[in-house]
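Below is one structure, written out as structure tokens, with a few remarks after it.
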Amino acid sequence: MSLRPSSGNGLLDAGLNPAQLQAVTHRDGPLLILAGPGSGKTRVITHRIAWLLSQGIPGRQIVGLTFTNKAADEMRQRVASLVPRSNVWVGTFHRFCARLLRLYAPQVGLSENYSILDVEDSRRLLAEAILESEVDLSHTTPEAIAQEISWAKNHLMRPEEYVPRRTSHLAAIVARVYPAYQRRLLAANAADFDDLLLHAALLLKENPELRRDLDERYRYILVDEYQDTNFAQYAIVRALSIDHPNLTVTGDPDQSIYGWRGANLSNILDFERDFPQVKVVRLEQNYRSTQAILAVADTLIQHNQRRKPKRLFTHNPPGAPVRLIAYPTQHDEAEDIAARIAQAVRQGQRRPRDFAIFYRTNALSRALEHALREQGLPYQLVHGLEFYQRKEVKDVLAYLQLVHNPRNDAALLRVINTPVRGIGRSTLERLRMHAQRRGLCLLDAAREAGVVEGLSKKAATAVARFVALIDQLGTHVHQPLRELMEAVLDLSDYREVLQNSESEEEMERLANIEELLTVASEFDVKHPEGGGLERFLEETSLVSDTDAWQSEADHVTLMTLHAAKGLEFPVVYIVACEQGLLPHERSRFDEEKLEEERRLLFVGITRAREELQLSYAQYRAYRGQFAPTIPSGFLMELPREQMKVVDHQPAAALDDDEEFVEADELEEGFGDEGATTWESAEPSPDEDVDVCQVPPEEAQPTTRRRQRRRLRPGKRSLTSPVVTGAELLSRRSKDAEGFGFQVAMEVEHPHYGRGVITALEGLAPRQLATVFFYAEKQSRTFRLDLAPLAPVSS
DNA sequence: TGTGAGTTGATTTTT
DNA sequence: TCAACTCACA
């Protein structure tokens with residue numbers, strides 16, 4: 001950005017523009033900062049904190065709340081560089097609540113040594129609750145139940161207060177499972193992520209005195225990314241801003257991309273209604289991107305209805321046009337992008353770290369990784385089995401969890417037979433029965449192994465030894481973390497078992513454990529006062545994938561669009577701009593979700609500083625299916641004058657395995673030597689009619705060849721609502737044996753119109769269909785996995 | 001009780 | 001495609 005950071009002294013001459021200055025120096029009362037991308041928002045918040053401090057407000061009265069750890073770290077550092085040792089608390093909502101709950105745990109039914117369960121552990125608990133509730137899962141999934149419970153918690157409904165959005169099969173199930181799940185959580189002295197917010201919000205709601213005290217204590221609250229707050233988070237900041245309504249929120253409704261997780265766009269859209277005295281500041285000047293990039297972003301987002309109108313502008317140079325490229329397949333896409341990056345790096349124009357590639361779903365990273373490896377480019381993937389999700393790391397942490405909170409059954413289940421010590425399924429089942437009968441946690445049930453019904457002597461001995469192990473570890477709790485962890489590894493034989501293995505995988509596990517030990521050492525150094533176990537466990541349970549991303553390292557960054565929020569790169573590639581992926585298939589029928597998808601693309605676009613490329617592949621292998629795609633509808637909404645549209649030519653023709661396909665179809669299926677697919681597809685109103693547009697009367701058999709050449713898969717779909725790639729995909733996966741087509745079935749082809757299937761031959765995925773088209777009075781044969789045939793729904 | 005093969009079913013985004 | 005889960009067998 002072109003605004004230079006201040007040198008640390010004079011706050012007000014830091015080169016802030018008038019709007020920024022207004023926001024920074026607003027003293028008391030609610031403040032809403034509507035900040036477009038790249039408008040210097042973080043700078044404004046940090047300077048505002050510094051300014052408040054300079055006004056004599058004690059640091060301990062100021063709280064900065066963010067959504068991610070990364071954002072919190074950055075804010076903390078930047079505040080520290082402006083005002084060292086300020087005592088301002090900066091952290092995520094979840095951490096803030098976790099801290100609060102340590103102090104008031106008994107009031108919500110927990111003890112202060114409660115555990116925070118990650119998604120995996122809470123899903124396991126949920127699975128047990130589902131089993132216990134004996135509900136019929138045939139019309140729903142555990143995932144759906146989890147989401148609904150999460151929704152309820154985010155709306156501050158306890159199990160007994162649960163009121164579904166609408167009565168449904170799912171609601172009836174949740175009404176039974178939610179209480180059972182919550183019972184288990186409390187019994188295990190554990191909280192899931194949603195609980196942290198739920199408990200904290202209810203604590204504030206139901207304890208007026210406590211609320212008043214905390215309101216008094218935290219007089220100035222600043223919330224970043226306010227558009228991503230859910231109802232529970234809203235309730236928390238609201239409760240802390242009644243007597244002292246010095247609440248500053250910043251955000252951008254256009255960058256709200258967590259609606260699926262309960263984020264409520266209304267929180268920011270209605271902020272002015274909630275706080276009538278609010279002062280509103282708009283930061284619309286962008287310091288990050290070129291004019292071309294910003295224009296593309298701005299034009300796209302104008303298509304959303306639910307937003308606060310705002311117009312982005314920049315004084316930056318126009319910059320290169322945004323590229324939009326159609327590739328034949330995802331391999332061409334990945335290879336070309338990797339080649340472009342490699343070339344720029346080789347020529348010394350850029351370094352690998354200047355580049356980022358964004359995609360909608362993690363599964364899309366594979367081809368890109370492969371291509372980057374081929375080019376010998378270093379890259380970093382932000383996702384997946386992140387460090388704290390790895391089995392070995394979770395195992396070791398589970399020992400610590402169990403030592404810290406003996407009631408944490410999830411942790412016990414994780415480690416009681418890891419490494420293997422002869423405690424199998426049936427033994428566990430008996431322990432569980434015993435625990436249930438006697439109302440004990442599993443560890444206490446294990447203590448009574450001798451009297452557990454049906455337990456063999458051998459099993460009882462093994463269990464007793466495990467209990468002894470945990471007890472012995474318990475004697476180490478007050479030692480430095482590193483030593484405690486070493487004790488876990490040695491006494492449990494965990495390390496020995498790994499060391500005795502020869503496999504590559506186990507070696508890697510050992511290395512990861514070494515890394516975990518290093519983390520523990522560092523933690524010990526940071527917290528020499530001891531007693532760090534609780535804090536350590538809290539920190540490790542609240543880390544996320546994106547936290548591992550190292551911005552300093554010199555490699556190409558691969559990440560999802562969601563993970564990209566808050567970052568910026570000189571060059572950005574956004575791949576797979578295709579219907580079904582972006583927008584995602586699940587958002588297809590819901591206008592609100594569709595707008596969120598559009599915001600997601602908006603976020604991606606606005607990460608780019610100098611160069612941006614959007615692309616899609618005409619054919620993509622996804623979920624093991626190789627199928628034609630349809631370009632994202634969002635691409636139609638972008639301004640052409642800021643863009644350069646390119647049809648990528650594959651290095652080698654794609655002709656490997658299409659021997660059964662009619663020549664015409666082959667040509668139609670893949671790109672030819674001609675013009676762009678997308679550009680010529682549908683002239684936008686503000687553009688001259690494209691030369692490739694074919695008038696209807698020309699669509700005669702004699703000109704068919706020419707015409708068909710222009711109507712390749714991408715464009716077909718743009719003009720024809722008949723079938724979408726997502727529909728094709730879902731239809732295909734539904735019917736593994738064929739594609740769901742039958743002889744005599746009426747079908748529609750976007751080009752040939754309606755027809756009837758007269759013959760089917762072969763098996764999927766190479767099933768062929770012969771279709772007689774009414775208009776042409778002629779039959780044609782297609783490969784069903786390639787041709788855009790859709791059954792006529794009547 | 002532990003292991004391995006085979007099957008099934010799902011497959012967005014994350015504190 | 002792939003991971004999780006089941007089931008059979010040692």
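Lettering follows sequence order; numbering is per chain, from 1. The analysis underlying the following values was restricted to heavy atoms, covering all of them including side chains, and did not include hydrogens, waters or symmetry mates.
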What donor-acceptor contacts under 3.5 angstrom involve side-chain atoms of residues 455-463 of chain A, with partners at least two apart or in another chain?
from	atom 1	to	atom 2	distance (Å)
A:Ser456	OG	A:Ala459	N	3.0
A:Thr461	OG1	A:Lys457	O	2.7

Pair A:Arg432 + A:Glu429: basic N to acidic O under 4.0 Å: yes

Sugar-phosphate, base or nothing in reach of A:Thr427, heavy atoms under 4.0 Å: sugar-phosphate

Partners meeting salt bridge (Lys or Arg N to Asp or Glu O under 4.0 Å) with A:Asp254 (sequence neighbours left out): A:Arg307, A:Lys310

Atom pairs, protein N/O to nucleotides 2-8 of chain B N/O, distance under 3.5 Å:
from	atom 1	to	atom 2	distance (Å)
B:dG2	OP1	A:Gly422	N	3.0
B:dG2	OP2	A:Asn417	ND2	3.2

Salt-bridge present (A:Arg76, A:Asp73; N to O < 4.0 Å): yes

Interatomic distance where CZ belongs to A:Phe358 and C1' belongs to B:dT13 [whole Å]: 14 Å

Out of C:dT1, B:dT14, B:dT13, whichever nucleotide has its closest atom nearest the side chain of A:Asn362: B:dT13

Nucleotide nearest A:Arg366 (side chain, heavy atoms from C-beta), chosen from B:dT14, B:dT1, C:dT1: C:dT1

SB check A:Glu596 A:Arg599 (cutoff 4.0 Å): yes

Carboxylate-amine/guanidinium proximity below 4.0 Å for A:Lys41 and A:Asp252: no

Which residue lies more 5' along DNA chain B, comparing A:His94 with A:Ala459 via nearest heavy atoms: A:Ala459

